[in-house]
Amino acid sequence: MRVATWNVNGLRARLDYLTHWLAARQPDVVGLQELKTPTDDFPHEYFADLGYHAAVHGQKSWNGVAILSKLPLETRQIGLPGQDDFGSRLITATIDDRLLFSTVYCPNGKTVEHADYQGKLGWYDDLTQHWQAEYELPAILCGDFNIVPEPLDTWRGASGDGGIFHTAAERKAMQRLLDKNLIDLYRNQYPEEQAFTWWDYRGGAFHRKHGLRIDFLLANQLGVQAAKDVIIDRDYRRKIDGLTASDHAPVYADLDL
DNA sequence: ATGGCTCTCGCGGAGAGA
């Protein structure tokens, strides 16, 4: 089973590009973030024609998450409890009764001085409280976490410490979540590798290798045991057939499930 | 030091993103 996460930066703007990627990589389950589309406007029939069921938690203009699945899926949770005011940022489903799959779009925080920064930390605390340390199924928690876990995960290295996405408080919040028996699949497979999942659109950041690793596939122990290979799909951060990419690359893993 | 691009809404230009 191939599972993936991708912040598409606008579902409607990315529909042709996303379709190209689905055809090329043939993922079984995809967590999408930043739909910027209301739930009722989600193009279910379009994805059905591509062979995907969908569970959707959308919103006008901003945020919005969804799960695409070739296998039957059953929605388990829509929205992070207690955090409705922060937008549509979490959806969870079981896939074919074999996998618990949750995808999140964690708040950005804007700047360390902004009120949203404290809100981001609170949102993380609620996510950590919501996530169970033990699931009977293999479980994946994936998405755009908007935190750089360690200096290796940013082009700025240790000189980035203290800036938004790079603060000690954010890293502790991330660690408390990981302490719920979650493993970062990419970092687990590549302990020393520097690889990014996001590059600013501006200033040729992609070609200058000025990126961040902020999109993760986290897994419980059963999920880690099933994981075979993890790929950060940098090819799909480039323009393809004149189509503009998201500023995030997809990340996918093959699970022996 | 700053902004550098792209998205949405909606029809001009502002806000958000990371």
K.L.:
So which of residues 147-165 of chain A are in contact with DNA chain B, with a heavy-atom cut-off of under 4.0 Å?
P.N.:
Phe165(A)
K.L.:
Any luck finding a side-chain donor-acceptor pair between Glu34(A) and Asn63(A) under 3.5 Å?
P.N.:
no
K.L.:
Can you pull the ring-ring contact (aromatic ring centres under 6.0 Å, His included) pairs that have at least one residue in residues 163-183 of chain A, sequence neighbours excluded?
P.N.:
none
K.L.:
Describe the nucleic acid contact of Asp200(A) in one word from base, sugar-phosphate, nothing, applying a heavy-atom distance below 4.0 Å.
P.N.:
nothing
K.L.:
Can you list the residues that meet the ring pair (Phe, Tyr, Trp, His ring centres under 6.0 Å) rule with Trp62(A), with sequence neighbours excluded?
P.N.:
none
K.L.:
Which dot-bracket string describes DNA chain B (Watson-Crick N1-N3 plus N6-O4 or O6-N4, or G-U N1-O2 and O6-N3, all under 3.5 Å; [ ] crossing; | other strand)?
P.N.:
....(((((...))))).
K.L.:
Applying salt bridge (Lys or Arg N to Asp or Glu O under 4.0 Å), can you list everything that pairs with Lys110(A), at least two apart in sequence or on another chain?
P.N.:
Asp116(A)
K.L.:
Cluster partners of Leu222(A), using ILVMFWY side-chain heavy atoms under 4.5 angstrom, listed by chain and number?
P.N.:
none
K.L.:
Please name all residues satisfying side chain to side chain contact (heavy atoms under 4.5 Å, CB included) with Arg238(A), sequence neighbours left out, ordered by chain then number.
P.N.:
Phe206(A), His207(A), Arg234(A), Asp235(A)
K.L.:
Between Asp184(A) and Arg213(A), does at least one N-O distance fall below 4.0 Å, as a salt bridge requires?
P.N.:
yes
K.L.:
Below 4.0 angstrom, which residues in residues 30-42 of chain A have at least one non-hydrogen atom near DNA chain B?
P.N.:
Glu34(A), Lys36(A)
K.L.:
Does the gap between the ring centers of Tyr236(A) and His20(A) come in under 6.0 Å?
P.N.:
yes
K.L.:
Quick one: label His210(A) by what it contacts on the DNA or RNA (base, sugar-phosphate, nothing), any heavy atom closer than 4.0 Å.
P.N.:
nothing
K.L.:
Write out all pairs satisfying ring-ring contact (aromatic ring centres under 6.0 Å, His included) with one or both partners inside residues 125-154 of chain A, taking only residues at least two apart or from two chains.
P.N.:
Trp131(A)-Tyr135(A), Phe145(A)-Phe216(A)
K.L.:
Specify the residues of residues 54-67 of chain A, ordered by number, for which at least one heavy atom lies under 4.0 angstrom from an atom of DNA chain B.
P.N.:
Lys60(A), Ser61(A), Trp62(A)
K.L.:
5' to 3' on DNA chain B, which nucleotides open and close the contacts with chain A (atom under 4.0 Å from a heavy atom)?
P.N.:
dG4(B) to dA18(B)
K.L.:
Which residue pairs pass the ring-ring contact (aromatic ring centres under 6.0 Å, His included) test with at least one member in residues 22-47 of chain A, sequence neighbours excluded?
P.N.:
Phe42(A)-His44(A), Phe42(A)-Phe47(A)
K.L.:
Salt-bridged, Asp247(A) to Arg237(A), with N to O below 4.0 Å?
P.N.:
no
K.L.:
Between Trp6(A) and Trp21(A), is the ring centre distance below 6.0 Å?
P.N.:
yes
